[in-house]
Amino acid sequence: MKHHLILQVVAKALIPFILLFALYVQFHGDYGPGGGFQAGVIFGAAFILYGIVFGKDVAMKVVPPSLVYTTASLGVLLYTGVGVAGMLLGGEFLNYSVLSKDAVAGQHLGILLIEFGVGITVASVMIALFLSYANYRVTEPGEGE
Amino acid sequence: MIAIEFLVNFTLLGFLLATALVISRTNRLFQSVMLFGIYSLLTAALFVVLDAVDVAFTEAAVGTCISTILMLSALSLTGSRREVAMHRKSPALALGVSIALGAALAVGIMDMPEFADPNAPANLHVAPYYLTESVSEIDIPNVVTSVLASYRGYDTLGEVVVIFTAGIGVIALLAGRTGKRDED
């Protein structure tokens, strides 16, 4: 997309706001609509916009596939880790009330952490899907193997 | 106010129906992908009308943006620019099945409770507990988040693992591989 100057300028102007909105949806999920899943897909969509406008090679310099594979697993690990932490502190699996001395504060902490885990995994998987498709090379019939 | 709401619903549903009809008539894959994107955007607008803003976020981001782009990527990878052959048989059977199914659904809807009826069976099971106890137990203003993240934390964990597993599946199939295009 070397000649799409307008698209590139508009995308460059829009992407920071999309990312900021994703972070808002992520961390404001306790108070307004949204949460980890919504934030993750919006974050992923911003990166995909970057990828289609500037090309996959530039996009992969920003976020290499190995990074998203790691963060996708880290999100699930964080979620289950919070659950196991609740077990170690004497509650049930995913019981956040025991995470802090005050049960309500523990719930707040637990929800913040697991929503963050959801957000990381969802955003990483969306980016990984896009990069997998973008990197898949197809040889034309008759081309040398 | 009711007139405006009616107008918005009528317009959105009208466009939705028109898009669905065009999708069913088109035989070009590129066209169908773009039309599905439009369909999804209209659905997102309908979710906003139904006060389900977080579902609308998801629909707009996943349905309109990400899945459209993945479908377009798949189209460009398979190189499928051909028109899909339409069935030229008589549509009587398919039309009959569709009309019968639609009529059955319409009859079923008559038995359903009113939209947002507080006495609907779905709202009488655990929902009152969540609504009354969420303030003292979890104390965050958005009850949807407290249900999804805390009361139903196990379900949400399952959903995250499903997304993770689906991602692994696609990566295992596509990443770092090359494919060969079939001769047309």
Side-chain angles (χ1 to χ4, degrees), chain A residues 25 28-42 44-45 48-49 51-52 65 68-69 72-73 75-76 79-80 82-83 93-97 103-104 107-108 110-111 114-115 117-118 121-122 124-126 128-143 145, chain B residues 51-67 69-74 76-79 134 136-142 144-146 148-150 152-154 156-157 159-161 163-168 170-184:
Chain A
V25 170
H28 209 255
D30 292 6
Y31 303 96
F37 188 82
Q38 286 78 14
V41 289
I42 294 171
I48 290 173
L49 175 65
I52 55 177
V68 281
Y69 299 165
S73 331
V76 180
Y79 201 139
T80 36
V82 172
F93 184 62
L94 291 174
N95 180 357
Y96 317 133
S97 298
V104 171
Q107 290 284 344
H108 286 190
I111 290 176
I114 67 115
E115 290 280 11
V118 175
T121 295
V122 171
S124 310
V125 168
M126 294 302 152
L129 292 186
F130 171 70
L131 288 179
S132 307
Y133 273 92
N135 279 323
Y136 191 80
R137 285 189 306 282
V138 180
T139 50
E140 293 293 333
E143 233 177 86
E145 278 286 281
Chain B
D51 282 338
V53 188
D54 33 10
V55 187
F57 282 166
T58 316
E59 185 66 45
V62 176
T64 312
C65 167
I66 296 174
S67 64
I69 286 169
L70 292 184
M71 292 294 255
L72 288 179
S73 316
S76 81
L77 286 182
T78 53
S134 170
S136 60
E137 285 184 354
I138 298 174
D139 190 31
I140 58 173
N142 186 358
V144 176
T145 299
S146 72
L148 287 181
S150 186
R152 298 270 178 109
Y154 211 79
T156 310
L157 175 63
E159 282 161 21
V160 177
V161 173
I163 293 165
F164 180 61
T165 317
I168 292 178
V170 173
I171 293 164
L173 282 172
L174 292 182
R177 287 172 180 243
T178 54
K180 202 170 175 204
R181 188 165 287 168
D182 289 338
E183 310 248 2
D184 276 8

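Proteins come first, then strands; the chains are lettered A, B, ... in the order of their sequence lines, and each starts at number 1.
Contact annotation for A:S73: both backbone and side-chain heavy atoms come within less than 4.5 Å of a heavy atom of chain B. Of the atoms belonging to B:I69, it is side-chain heavy atoms, and not backbone ones, that fall under 4.5 Å from chain A. Only the side chain of A:Y96 comes within contact range of chain B, with heavy atoms under 4.5 Å apart. Only the side chain of A:F37 comes within contact range of chain B, with heavy atoms under 4.5 Å apart. Only the backbone of B:S136 comes within less than 4.5 Å of a heavy atom in chain A; its side chain stays farther off. If you measure heavy-atom distances from A:I114 to chain B, the contacts under 4.5 Å come from the side chain alone. Of the two parts of B:V144, neither the backbone nor the side chain holds a non-hydrogen atom closer than 4.5 Å to a non-hydrogen atom of chain A. At a 4.5 Å heavy-atom cutoff, A:V82 makes no contact with chain B through either its backbone or its side chain.
Under a 3.5 Å cut-off, the side chain of A:S132 and the backbone N or O of B:L174 do not form any donor-acceptor pair.
Residues A:E115 and B:A149 come closest through the heavy atom pair OE2-CB, 3.9 Å. Between B:F57 and A:P33, the shortest heavy-atom distance links the atoms CE1-O, 3.9 Å. Between B:D54 and A:G34, the shortest heavy-atom contact is CB-N, 3.7 Å. Of all heavy-atom pairs spanning B:E137 and A:Q107, the tightest one is O-CG, 3.6 Å. Taking every heavy atom of both residues into account, B:F164 and A:V125 meet most closely at CA-CG2, 4.1 Å.
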Please assess A:V104 against B:I138 for the test side chain to side chain contact (heavy atoms under 4.5 Å, CB included), listing each intermediate value before the final yes or no.
-> CA-CA 5 Å; A:V104 171; B:I138 298 174; over 6 Å; no
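Ranked by non-hydrogen atom pairs under 4.5 Å with chain B, the options A:A72, A:G83, A:S97, A:G35 are led by A:A72. For chain A, the option among B:V161, B:T156, B:V53, B:V170 with the highest count of heavy-atom pairs below 4.5 Å is B:T156. Between chain B and the options A:V76, A:L94, A:D30, A:I111, heavy-atom pairs under 4.5 Å are most frequent for A:D30. Annotation: maximal heavy-atom pairing with chain A below 4.5 Å, among B:V62, B:L70, B:L148, occurs at B:L70.
The NE2 atom of A:H28 sits 10.0 Å away from the CG atom of B:N142 when rounded to the nearest 0.5 Å.
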